[in-house]
Amino acid sequence: MSHLNATAISRFKHLTQLHAQIIQHSLHNHNYWVSLLISHCTRLRAPPIYTRRIFNSTDQPNVYAFTNMLKFYSHIGAHTDVITLFGCLQISGVTPDAFVFPIVIKSFGKDAIVLHGHVLKTGHQSDRYVRNAIMGMYAKYGPICFARKLFDEMSERMAADWNSMISGYWRWGKRVEAHKLFTLMPERNVITWTAMITGYSNIQDLATARMYFDEMQEKNVVSWNAMLSGYSQNGFAEEAIELFNKMISSNVQPDETTWVSVISSCSERADPNLANSLVKMLNEKNVRLNSFVHTALLDMYAKCGNLEAARKIFNELGAFRNAVTWNAMISAYTRVGDLNSARQLFDKMPGKNVVSWNSMIAGYAQNGQSTMAIDIFKEMIKCSTNIKPDEVTMVSVISACGHLGALELGNWALKFINENQINLSISGYNSLIFMYSKCGNMKEAQRIFNKMKQHDVISFNTLITGFAAHGDGFSAIDLIKKMKKDGFQPDRITYIGVLTACSHSGLIKEGEKLFESIPTPDVDHYACMVDLLGRVGKLDEAKKLIEKMPMAPHAGVYGSLLNASRIRKRIDLGEFAANELFKIEPQNSGNYVLLSNMYASMGKWGNVERVRKEMKVIGVKKTTGWSFVEYNGKLHKFIVGDKSHERSDDIYKLLMELRKKMRVVGYNVDKESVLRDVEDEEKEEMVGTHSEKLAVCFAILVSEKGSSIRIVKNLRVCWDCHEAMKILSKLEGREIIVRDNNRFHLFRDGLCSCNDYW
DNA sequence: GTAGGGTTAG
């Protein structure tokens, strides 16, 4: 045994050399050699199974063997193995020494609190490292005041004690205390400074972080990485890349962590050229890449639009794939709208975590598949008991409910949030504001807004857009005033919202004043102004504004003019606008329909016919409209000509009855076309979609008498059905609320709340 | 044996 040489082992660079030694020598009951070999396994990153076999080869491991094995597990982050092995240690009757506790405390995480008493009993608290570990545990997991108490009780402190305390304060958001300790600390080291950089980065104060970075005397690669990741995680991609270049020219060798940060900044920029140059550098330097770097690269390729390269990395990673790798690939697919590929991966993925579910839910929600988003959320809470939805999940779900106008579902989701004590941040509350606005409940939307302790620009924009959809111009104007008073700078969305609100309430003076106040109005703001002028009947001014625009008008500009021309029956301008639209977007059927509706509303059926023929020649297909009603927590969807709904027969029967009833009260059914035969698809197609009639009938069938009827539809409420809803509201004696893409129309007693058809 | 830096989802 004597020729097994400790110095020789410490020079080994490869596991195979170690392996040869182990085979040559019988290691039974030789704890010294076992401990030594395990410590080299740690150094050489040996596989856990291999290392454990060495440990197991001794019948009675002593405290050194245990310590080194624990160290090995701790080093690779196998915390459950540390905990189990510590259990073995206690059972085997070996007395743990002071060396064991810091390792074990770290792996126990917040449960290490149970070890505190243990330590006191064994008297190990006199050991400075054990003391530091206990204090660090309280600093990390709280209560932070316990950590401070231990800190104050220390007669002499190591730098590590100060550093643990400082980063503990940062972790608990106590900037002032962290800073105070920093100034009090007698001998600050590189770790102290790095902790300050990270602290300020995490509260998004990059300027101060950079101040500390520039001021520190001695920097190592970790300090550079701290600054770099501060930039990259807060969206300062330019700064990150600049700092990285500086790092290279300062001759600091980047490590894997560096690459991860830089690559992720490059992903954010989505710049393929930059991506290529980074990959070139990686190849030149011939660096070892771990799975973090690979995943970052995968994400970078995906965000730069190279899905094949991303998938190639994914495939090549094979057994080295982890949950993050899978998630990155899944969202790569959802990002481009390839939900099928995303779903395929998702279904195959082992060990899904909350991010996997969130990616899939958000993927559906952002690609217009709100119903699917909610379905998969239901599946999530049904089949995975160990994965809890978090705020991100709920933001997607709530926003999906908003898009659907599904109030019952939205309330259910909110109840879920409360019952599961999910904390909401600003964006969580913003999604609630969005949902209630979209569901027509502005009171609740406002209540949530007022309840929020902090707002951001999006909070204001969401509520303003809600007011706009409800035609509440005054509230929108009040809100932009409050916004400025609170010190928020309105952005382009804010102005679009307020202008739209003015437009929907006919506030021409206020709108014009606001338009003047926009620092750099863009094409969308011009479109809003054209819409506003059009709605108040100043169509010629609208056309003049278009001619004066400093940029090329887009479809929205002419669309507004066309719509106004239709309402005001200005054939000349309508035809002008329509012709421009046909040039810009020849395949958009909506424009043809608008034009033909204009003709129809003036009884010019010949022209209607002409447009219809033109559509056929060009090959434009009218997109089918759908409407739905939320009933009993379920969404009931209706499409013209589709009779698959279970109550279909009753619905059509009711439609006939209503038609009779109308004749009795004196409406000309054919003229008003309210209940025109839905089988007449050709005419149906020309004058607009009437799926909402089916939806209304369903709602009449299932809802209580006297209650209001709420419908969501995916196309603009057209002239025809607008009239139909007015009449129906009178006939039925109740409110009908229709939400088309972003407008609310409240029909009551034969009138509509909106200003479209004055 | 202690303290500081990393990839994915809204």
Side-chain angles (χ1 to χ4, degrees), chain A residues 67-68 70-71 74-75 97-106 124 127-136 139-140 157-168 170 188-199 201 216 219-230 232-233 254-264 267 290-300 302-303 322-332 334-335 353-363 365-366 390-400 424-428 430-431 458:
Chain A
T67 307
N68 284 354
L70 287 167
K71 227 190 279 179
S74 172
H75 190 249
D97 61 11
F99 282 75
V100 170
F101 283 101
I103 304 166
V104 177
I105 288 169
K106 192 175 154 199
H124 287 307
D127 185 281
R128 58 213 306 232
Y129 293 107
V130 177
R131 250 187 351 234
N132 175 274
I134 300 263
M135 195 199 80
K140 224 180 197 167
R157 298 180 190 99
M158 305 180 286
D161 296 318
W162 287 88
N163 290 339
S164 298
M165 205 57 228
I166 289 172
S167 50
W170 275 119
R188 299 185 274 254
N189 59 19
V190 60
I191 295 176
T192 325
W193 286 89
T194 308
M196 295 304 277
I197 295 171
T198 314
S201 296
M216 65 194 288
K219 294 186 186 76
N220 60 18
V221 64
V222 181
S223 332
W224 284 90
N225 289 346
M227 195 63 236
L228 211 51
S229 76
S232 87
Q233 286 173 355
D255 66 5
E256 282 152 326
T257 306
T258 319
W259 287 111
V260 171
S261 287
V262 177
I263 293 169
S264 113
S267 314
N290 63 15
S291 64
F292 277 78
V293 187
H294 276 123
T295 308
L297 274 172
L298 186 162
D299 188 55
M300 181 183 75
K303 285 187 178 143
N322 59 26
V324 183
T325 325
W326 282 87
N327 294 342
M329 199 63 228
I330 289 172
S331 39
T334 61
R335 203 174 293 124
N353 61 16
V354 64
V355 178
S356 326
W357 288 91
N358 289 353
S359 307
M360 215 52 233
I361 293 170
Q366 284 162 12
D390 62 7
E391 193 198 355
V392 179
T393 325
M394 299 320 290
V395 166
S396 293
V397 172
I398 296 271
S399 120
L424 296 187
S425 67
I426 297 183
S427 51
N430 289 349
S431 70
I458 299 173

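The figures that follow rest on heavy atoms only: side chains count, while hydrogens, waters and symmetry mates do not. We name chains A, B, ... by the order of the sequence lines, and we start the count at 1 in each one.
- With sequence neighbours excluded, the residues satisfying side chain to side chain contact (heavy atoms under 4.5 Å, CB included) with D127(A) are A98(A), Y129(A), V130(A).
- Here S359(A) lies in heavy-atom contact (under 4.0 Å) with sugar-phosphate atoms only.
- The side chain to side chain contact (heavy atoms under 4.5 Å, CB included) test applied to D299(A) returns S267(A), K303(A), R335(A), not counting sequence neighbours.
- Among the protein residues, A332(A) comes within range of no part of the nucleic acid, since none of its heavy atoms lies under 4.0 Å from any strand.
- V354(A) comes within 4.0 angstrom of nothing in the nucleic acid, heavy atoms only.
- Heavy atoms of R188(A) sit nowhere under 4.0 angstrom from any nucleic acid atom.
- As judged by a 4.0 angstrom heavy-atom cut-off over every strand, D161(A) is placed among residues making no nucleic acid contact.
- Here the shortest heavy-atom pairing between G428(A) and E391(A) reads N-OE2, 3.1 Å.
- S229(A) comes within 4.0 angstrom of sugar-phosphate atoms only, judged by non-hydrogen atoms across all strands, and of no base.
- On the nucleic acid side, DNA chain B contacts chain A at distances under 4.0 Å to non-hydrogen atoms, with the end points of that region at dG1(B) to dG10(B).
- Judged as a side chain to side chain contact (heavy atoms under 4.5 Å, CB included), and not counting sequence neighbours, the contacts of V392(A) are N358(A), D390(A).
- Within the 4.0 angstrom heavy-atom criterion, base atoms lie near E256(A).
- When heavy atoms are screened at a 4.0 angstrom cut-off, A362(A) is found touching the sugar-phosphate backbone but no base atom.
- N353(A) comes within 4.0 angstrom of no nucleic acid atom, judged by non-hydrogen atoms across all strands.
- Using a 4.0 Å heavy-atom cutoff across all strands shown, Q366(A) reaches sugar-phosphate atoms only and no base atom.
- Scored by the side chain to side chain donor-acceptor pair (under 3.5 Å) test, T258(A) finds N225(A), D255(A) as partners (sequence neighbours excluded).
- Here N132(A) lies in heavy-atom contact (under 4.0 Å) with sugar-phosphate atoms only.
- Annotation: side chain to side chain contact (heavy atoms under 4.5 Å, CB included) contacts of T192(A) (sequence neighbours excluded): N163(A), I166(A), F182(A), M185(A), R188(A), N189(A).
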